[in-house]
Amino acid sequence: MKTRMTELFGIEHPIMLSGMNWLTTPKLAAAVSNAGGLGVLAGSHYDKDGIREAIRELRELTDKPFGINLVLGVGTRELISVVIEEKVPVLNYALGRPPQIAPVIEAVHEYGGKVIGTTAFVRHALRSEQLGSDAVIITGYEAASHSGNVGALVLVPSISSAVKVPCIGAGGYTDGKGLVAALALGAEGIAMGTRLAATQEAEVADAIREVWLKATIEDTVIDPAFDGINCRVIRNKAAQDLLEKNRWPIIDAIQAGLHMKKALNLSYPEVIRTARAIKGQESGVGGGKRSWASTMRFAVGSRLFAKATTDGDPVNGILMCGQGAGHIEDIPTVAEVIQRTIAEAEDIIRAASAKLA
Ligand SMILES: Cc1cc2nc3c(=O)[nH]c(=O)nc-3n(C[C@H](O)[C@H](O)[C@H](O)COP(=O)(O)O)c2cc1C
């Protein structure tokens, strides 16, 4: 299957791995690239040395194109420099403000790299294109983690007809039906998050795989309670607790701040400066800034997200998860997911074409 997405990135299939902090490891991203898709490693949770090491590990595991995903904002300047120094083939950014985004796109283009902007709003997609992005990801309401309020059926055609660059659908894509739907809506391919995380190559606890296998399409919830902006997660005990009581999680936020102070070896003034910088960030939903309550929830949520994905605790951790988890019924290899997605999509297109006669 050839589309503007496969041409742009020099890949075989119009499928990419969504960047997912903690879940996308070099091994998983390399498996996607080796299977003919675009493997993407989320890098925002690394420090400068960690991300360089991860990029080099990824290069050892694949000689195919791959990408790094960065959520632009506080503390990302050093990570961006490493991505540029290492001449990463594709940079996928999320959030960020134009004065930060524009020079990054220019620097990546200078060494011949490509840039994908992640968007959930028509105006953000137009802005990303104006700033020079080579493609945009369109994140629908079905997606794990952050999105706007509009589902793919309406959002993808709105954005794909507004911009000229290739569009990539994200959120809820788990199979060939999703790929054909995305193509029909004007996208050039899809990004898979939860589906490609539920594979043999993902380095995640069996308890988390069980959650994906058992989940129905009704088992996620989207709310700002988890990290201060609308975020879709599995409705488990930890999520229920935050939904019911923690609208102003002052004590938990102080604990999270102290944890961050220790982990990053920060002074108290540095912790306060970081909190103020996070508060000043674009919220992603409508582009407004965070409130202090939202900043506190961000501090609390960041710890609980890692508890689910890194510690493998599906009860006390918060697991970001898409509605598409309801369609996941096995834990295949990455290559199997990609091959059967393409095979199913081709069958659907052939069957649909036959109906024309
Ligand atoms: C655990 C987890 C972590 C995520 N971290 C990031 C991230 O660091 N950067 C980003 O742009 N999106 C992040 N996302 C969102 C994904 O990139 C993508 O939009 C989403 O998984 C697509 O929905 P799907 O899971 O239904 O395929 C994350 C998603 C999950 C599940």
Side-chain angles (χ1 to χ4, degrees), residues 15-25 28-29 32 37-46 51 54 67-73 75-76 79 90-96 115-120 124 128 136-148 151-152 155-156 168-175 178-179 182 189-199 202-205 208-209 211-212 215 217 219-220 222 226-227 229-234 282 284 298 301-302 304-312 314 317-328 337 341:
I15 299 175
M16 67 181 276
L17 171 64
S18 295
M20 294 175 283
N21 270 339
W22 310 285
L23 286 181
T24 48
T25 57
L28 180 61
V32 174
L38 182 72
V40 173
L41 175 72
S44 300
H45 63 299
Y46 288 105
I51 197 168
I68 294 290
N69 164 282
L70 289 178
V71 180
L72 301 184
T76 39
L79 301 178
V90 180
L91 171 69
N92 165 217
Y93 76 85
L95 296 184
V115 178
I116 313 173
T118 293
T119 63
H124 288 179
S128 185
V136 292
I137 288 177
I138 304 174
T139 311
Y141 186 63
E142 302 87 340
S145 183
H146 305 112
S147 67
L155 188 64
V156 176
I168 301 162
Y173 297 100
T174 58
D175 54 21
L179 173 54
I190 53 172
M192 286 178 164
T194 305
R195 173 62 277 187
L196 283 170
T199 52
E203 293 161 278
V204 67
I208 299 298
R209 290 198 169 102
V211 173
W212 289 323
I217 56 171
D219 288 344
T220 65
I222 183 163
F226 312 117
D227 71 348
I229 54 181
N230 257 349
C231 182
R232 185 177 296 285
V233 308
I234 278 282
E282 193 174 13
F298 174 81
S302 302
L304 293 176
F305 293 146
K307 200 177 185 72
T309 45
T310 311
D311 303 351
I318 300 269
L319 182 62
M320 293 190 252
C321 181
Q323 291 180 323
H327 291 165
I328 292 174
V337 171
T341 299

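Every number for a ligand or one of its atoms is a count from 1 in the order of the listing.
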Can a donor-acceptor pair be found between the side chains of S147 and N230 at a distance below 3.5 Å?
no
Tabulating one pair per line, provide the atom names and distances (0.1 Å) for every N/O atom of ligand 1 that is less than 3.5 Å from a protein N/O atom.
{"residue": "ligand 1", "atom": "5 (N)", "partner": "N21", "partner atom": "N", "Å": "3.0"}
{"residue": "ligand 1", "atom": "8 (O)", "partner": "N21", "partner atom": "N", "Å": "3.4"}
{"residue": "ligand 1", "atom": "8 (O)", "partner": "N21", "partner atom": "OD1", "Å": "3.4"}
{"residue": "ligand 1", "atom": "8 (O)", "partner": "N21", "partner atom": "ND2", "Å": "3.2"}
{"residue": "ligand 1", "atom": "9 (N)", "partner": "N69", "partner atom": "OD1", "Å": "2.9"}
{"residue": "ligand 1", "atom": "11 (O)", "partner": "N69", "partner atom": "ND2", "Å": "3.0"}
{"residue": "ligand 1", "atom": "12 (N)", "partner": "G19", "partner atom": "O", "Å": "3.3"}
{"residue": "ligand 1", "atom": "14 (N)", "partner": "G19", "partner atom": "O", "Å": "3.4"}
{"residue": "ligand 1", "atom": "17 (O)", "partner": "G19", "partner atom": "O", "Å": "2.7"}
{"residue": "ligand 1", "atom": "23 (O)", "partner": "A144", "partner atom": "N", "Å": "3.2"}
{"residue": "ligand 1", "atom": "25 (O)", "partner": "T194", "partner atom": "N", "Å": "2.8"}
{"residue": "ligand 1", "atom": "25 (O)", "partner": "T194", "partner atom": "OG1", "Å": "2.6"}
{"residue": "ligand 1", "atom": "26 (O)", "partner": "G172", "partner atom": "N", "Å": "2.9"}
{"residue": "ligand 1", "atom": "27 (O)", "partner": "G193", "partner atom": "N", "Å": "2.8"}

Do you see a donor-acceptor pair shorter than 3.5 Å between the side chains of E203 and T25?
yes
R195: which residues meet the salt bridge (charged side-chain N to carboxylate O under 4.0 Å, His left out) condition with it, sequence neighbours left out?
D330
Member of T310, L319, N21, D227 meeting the side chain to side chain contact (heavy atoms under 4.5 Å, CB included) criterion with F305
D227
CD1 (I318) and CG (L304) are apart, to the nearest 0.5 Å, by 5.5 Å
Side-chain H-bond candidate by donor/acceptor type, T341 with Y173, under 3.5 Å
no
